[in-house]
Asker: 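I have a structure I would like to understand better, so I am pasting it below and will then ask my questions one at a time.
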Amino acid sequence: MARKSRRSAAGFVVAAACLAGGHGDALAQAPSGPPPAAAAAVPGISYDTRFVVDGGDAAVEKIARETSSLQTLQKDAPPGPPGLVGRAKADIERIAAALAATGRYAATVDVTMAGVSVISPSAADAAQRARKPVPVVVRVNPGPVFTLGRVRIESLDSGAGKAASLEPRKVGLVPGQPAPSTAIFSAESRIVDELRDDGYPFAAVKGRDVVADHARRQLDVTIKVAAGPRAPFGNVTVTGTREVDPAVVLGRVPFRPGERYSPKKIAELRTELAKLDVFSSIRIREATAPDAQGRVPVVIEVEEKKFRYVGAGVKYDTIDGASVNAFWGHRNLFGGAEKLRIDAGASRLITNKPRDYEYALKAHFEKPGIWTGFDDLLVDLEALRERPDAYDRDGVRGAVAIRRRLTSELSIQAGVEVEASTIRDTFGEKDYLLAGVPLLATFDNTDSALDPTKGIRATLSAAPYYNFQGDTKSLNIFKGQVSSYLSFDEAHRFILAGKIGVGSIIGPKDLADVPANRRFFAGGGGSIRGFAYQSASPYCTPITPRPKHALKCDDDTPIGGRSLLEASIEARIKVTDTIGIVPFVDAGAAFDKTYPDFSENIRVGAGVGLRYYTAIGPIRVDVATPVVGRSKNDSRVALYIGIGQAF
C-alpha cells in the first residue's frame, strides 16, 4: 500500500519530514521567530556546525544554512549540552519545514554532535565529553520534489456554492506542477481575492485537506472555502476628523450604498484620501458581517496631520549652476482640505554672473470637491525673472483651471491662462499678452511619485493661445510625454525605465513670432544629460541689421525651436537596500520646423548615476557626457544632483 501523510486544518499546517525517514504533515511552513528558550544567547558550550547534503544540492544546503539556528546563533553559545541539544532538535523541524515549503515532503534531517544523534538520550553526555568546540553535523536528504496530484476546491456554502465553480488552474494549482507549500498558501489567497472581486466580501478559506502520497510523489489537495453571501456596499461613516470637514472625505468615496462590492474600490478610496494630504493615518474597516439590509458598512478612520509646513531645497549641477528655493504651505486653509503653497526661489547661481541670476515667486491654491467630490479648483499665480542663454524675460502669469478625476488613474483638466511678458532675445525686444485655454489629460498608474517601479505615466496637453500684442495672433502648443517602468523582480532591484516626449507649435510662420519662453529647448539635467542647458536646440543666425535691444546672435546662442523630441532609457539597479547605480542614455533635440526633422542633428548623451534611497525618495547624482552632437558649448563631463529619479 502506498505510504501517505495526511493533515486537515483550518489554519496553517506546520509540519515537516522527520528524523530517520519518518514523515509528518504534508503541508509545511518554516517556523519563524526566535528559537526556544533553551537556545538563549548566553556564554556557554561552543560548537562548530557542518552541513552535509546528500546529492550535493547547493540550493538545498543554502536553505538549510539560512534556516538553521545552529548556524545563525553559532557565535552565541548555549549555556550547556542540554541547550545545544535543544537547539539542534529545533533545527530538525525548522529545516525540514523549510524544505517542505519547496515541495520536498519526503525530506529527512539528522543532526549529530560528537557523532551521536541528538534524538539519542546520550546526546548531551556526548557533547559534554567531546572536545571543544563540539563538532555538530547537520545531514540532509532532500528527497524528491513532489508534484500536484488531485486538486479540488470544495464549497462549504449551501447548494453548489460559488467557490466550487473556481478552476484550480486559475488560482495556480496545476496537476503535474511542483507542489511547494507556498503554492498552496498563494492559491488560497487567490481564491479569496477572486471571490471578493466577484462581490463576495466575506469569503474565507475554512480549511484544507492535504495528502502526500510518497509512492506517487504527489500531493493531493482539497481546499475548503466559504464564499458567504454576495453583498453590496452599505453606508460609509467617517471618524477622527477634527478640523477637516467630513463631507470632503465622503466626497472622495468612489462608490455609493447599494453598489456592488469591490475591493478595488476600497483601495481606490484609500488612494484618493491620501491625495487630500491632510491625514497622517487612514484606516478603512469593512464590516465582518452584513447589516440588516444585507450590505457591507464601511468605516473610515483618520488622523489629521499638521496643516502648516515650511521647507527649502537646494539643487546643483556643473552646467546650470545652483538653485535654492523656500516654501510655506497650508493643507487645510478653510477646513475643506484646501491647499495653499507659496514658493520663492533663485537659480543659475554661482556658475553665472549676477545679472544672469533668475528669480521666481509662485503661489498655488487648490480646493477639492467644488462640484462633485472629484472636481478640483486650481489657481496659479507667478512672477518670474528668467535669464537663460536664449532670452531675457520678465513677466507675470495667472491661471485658473478645473481638474476632474475620471478614474483613479485618469484625469482631465481645462482652464483659462493669461500671461504678460517683456522678452528680449536675438530677434529684439517685444511685449506679449497671451490669453489661452490650456487642456490637459494625465494618466498615471505608477506606484510612486519619486521612485516608480512599475506602471505608465503619460501627459498630453493642447494649449491654443491668442496673442493680443504680437504680429501673429494664433499660437497653438501641443505636448506629450510617456514614461514607462518595468520591474524584473519582486524586490524591485532591477528596473528598466524609459521616457519619450514630443512637442509642436502650430500657427506662427516664423520662429521670431513665437515668444521665446514658449519655444522648445533641449539639453540639460531635465532633458538630455551631458549637454549644456538649451544647447541641443537650433542656434542663432546673425540678422542684418541687428534689431534694437537684441541679444548677441552667434553660433553660441540657442534660440529654440518649434518642435521637440526627447527620449531616455535607464537601468535602475539596486546594489543594496540603500545604494543603486543607474546607467542611462538620453537622446533628442529641438527643431526649427513645426515637426521634428531628423535631418537635423540628434544629440545623444550617456552616463551613470548613483542613487541613495531614503524614506522621502532617492537622492540622485548623475555624471554624463555628450556622445553624439557635442558642440564647443558643451563640457566633456556634466554633474547633476537632485532628489527623486530623473523621470
Side-chain angles (χ1 to χ4, degrees), residues 317-320 386 388-391 425-427 458-461 463 475-484 497-542 551-570 583-607 609 622-640 646-647:
D317 69 63
T318 55
I319 295 178
D320 300 335
E386 294 180 296
D389 293 339
Y391 60 88
D425 62 5
T426 57
F427 298 109
T459 60
L460 179 64
S461 66
L475 179 68
N476 304 285
I477 304 175
F478 301 90
K479 291 186 286 186
Q481 180 172 298
V482 178
S483 302
S484 181
K499 177 190 76 172
I500 185 168
V502 295
S504 177
I505 299 175
I506 299 175
K509 295 181 179 180
D510 297 316
L511 186 64
D513 294 326
V514 180
N517 66 305
R518 297 287 180 168
R519 299 171 197 157
F520 292 114
F521 293 87
S527 177
I528 305 171
R529 286 164 287 185
F531 288 84
Y533 179 60
Q534 298 184 341
S535 69
S537 310
Y539 280 76
C540 183
T541 301
L551 295 180
K552 68 173 184 176
C553 181
D554 54 36
D555 58 2
D556 289 338
T557 308
I559 58 173
R562 289 182 291 171
S563 61
L564 175 73
L565 175 65
E566 293 177 327
S568 299
I569 188 167
E570 293 187 344
F584 59 85
V585 177
D586 298 339
F591 305 90
D592 179 64
K593 297 181 180 178
T594 301
Y595 302 102
D597 183 357
F598 296 101
S599 65
E600 298 183 27
N601 290 334
I602 297 292
R603 276 77 163 189
V604 178
D622 289 336
V623 178
T625 184
V627 177
V628 176
R630 177 175 176 265
S631 70
K632 65 180 182 180
N633 299 319
D634 299 309
S635 301
R636 291 188 178 276
V637 178
L639 173 68
Y640 307 92
F647 58 88

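Along the sequence shown, residues carry numbers from 1.
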Asker: Of the non-hydrogen atoms in A522 and L564, which two are nearest, and what is the gap between them?
Answerer: CB-CD1, 3.9 Å

Asker: I need the full list of disulfide (SG to SG under 2.5 Å) pairs touching residues 497-542, with sequence neighbours left out, sorted by first then second residue.
Answerer: C540-C553

Asker: Give a yes or no on whether K499 atom NZ has more than 12 heavy-atom contacts from other residues, nucleotides or ligands under 6.0 Å away.
Answerer: yes

Asker: So do D592 and L511 actually touch side chain to side chain, heavy atoms under 4.5 Å?
Answerer: yes

Asker: Closest heavy-atom contact between Y391 and E386?
Answerer: OH-OE1, 3.7 Å

Asker: So, T625 side chain and R636 main chain: donor-acceptor pair closer than 3.5 Å or not?
Answerer: yes

Asker: Over all heavy atoms of both residues, which pair between K509 and D513 is shortest? Give the atoms and the distance, please.
Answerer: N-OD2, 4.5 Å

Asker: Give, for atom OG1 of T426 and atom OH of Y539, the distance between the pair rounded to the nearest 0.5 Å.
Answerer: 12.5 Å

Asker: Taking the side chain as C-beta and beyond, is there a heavy-atom pair between I477 and F520 under 4.5 Å?
Answerer: yes

Asker: Please test V628 against I602 for side chain to side chain contact (heavy atoms under 4.5 Å, CB included), starting from the C-alpha separation and ending with a verdict.
Answerer: CA-CA 7 Å; V628 176; I602 297 292; over 6 Å; no

Asker: Please tell me if the side chains of L565 and F598 come closer than 4.5 Å, counting only heavy atoms from C-beta onward.
Answerer: yes

Asker: What residues form a salt bridge (charged side-chain N to carboxylate O under 4.0 Å, His left out) with D389, not counting sequence neighbours?
Answerer: R348

Asker: To the nearest 0.5 Å, what is the distance between CD (E566) and CD1 (I528)?
Answerer: 5.5 Å

Asker: Taking the six-membered ring of Y640 as reference, does the NZ or CZ atom of R529 fall below 6.0 Å from its centre and within a 45° cone about the axis?
Answerer: no

Asker: Got F584 and S568 here, is their nearest side-chain heavy-atom distance under 4.5 Å?
Answerer: no

Asker: What are the two closest non-hydrogen atoms of G530 and A638, and how far apart are they?
Answerer: CA-CB, 4.2 Å

Asker: I need the minimum non-hydrogen distance between A590 and G561, along with the two atoms involved.
Answerer: CB-N, 4.5 Å

Asker: For G524, is there any backbone N or O sitting under 3.5 Å from a side-chain donor or acceptor partner on S527?
Answerer: no

Asker: With side chains defined as the heavy atoms from C-beta onward, is the minimum distance between I506 and Y595 less than 4.5 Å?
Answerer: yes

Asker: For the residue pair P538 and G560, what are the closest heavy atoms and their distance?
Answerer: CG-O, 3.4 Å

Asker: Could you grab the distance from atom CZ of F647 to atom CD of E570, nearest 0.5 Å is fine?
Answerer: 4.5 Å

Asker: Under the 3.5 angstrom rule, does the side chain of R603 hit a backbone N or O of P626 as a donor-acceptor pair?
Answerer: no

Asker: Donor-acceptor pair, S563 side chain versus S504 backbone, under 3.5 Å?
Answerer: no

Asker: Distance check, rounded to the nearest 0.5 Å: F427 atom CZ versus I559 atom CD1?
Answerer: 4.5 Å

Asker: What distance separates I505 CD1 from K479 NZ, expressed to the nearest 0.5 Å?
Answerer: 9.0 Å

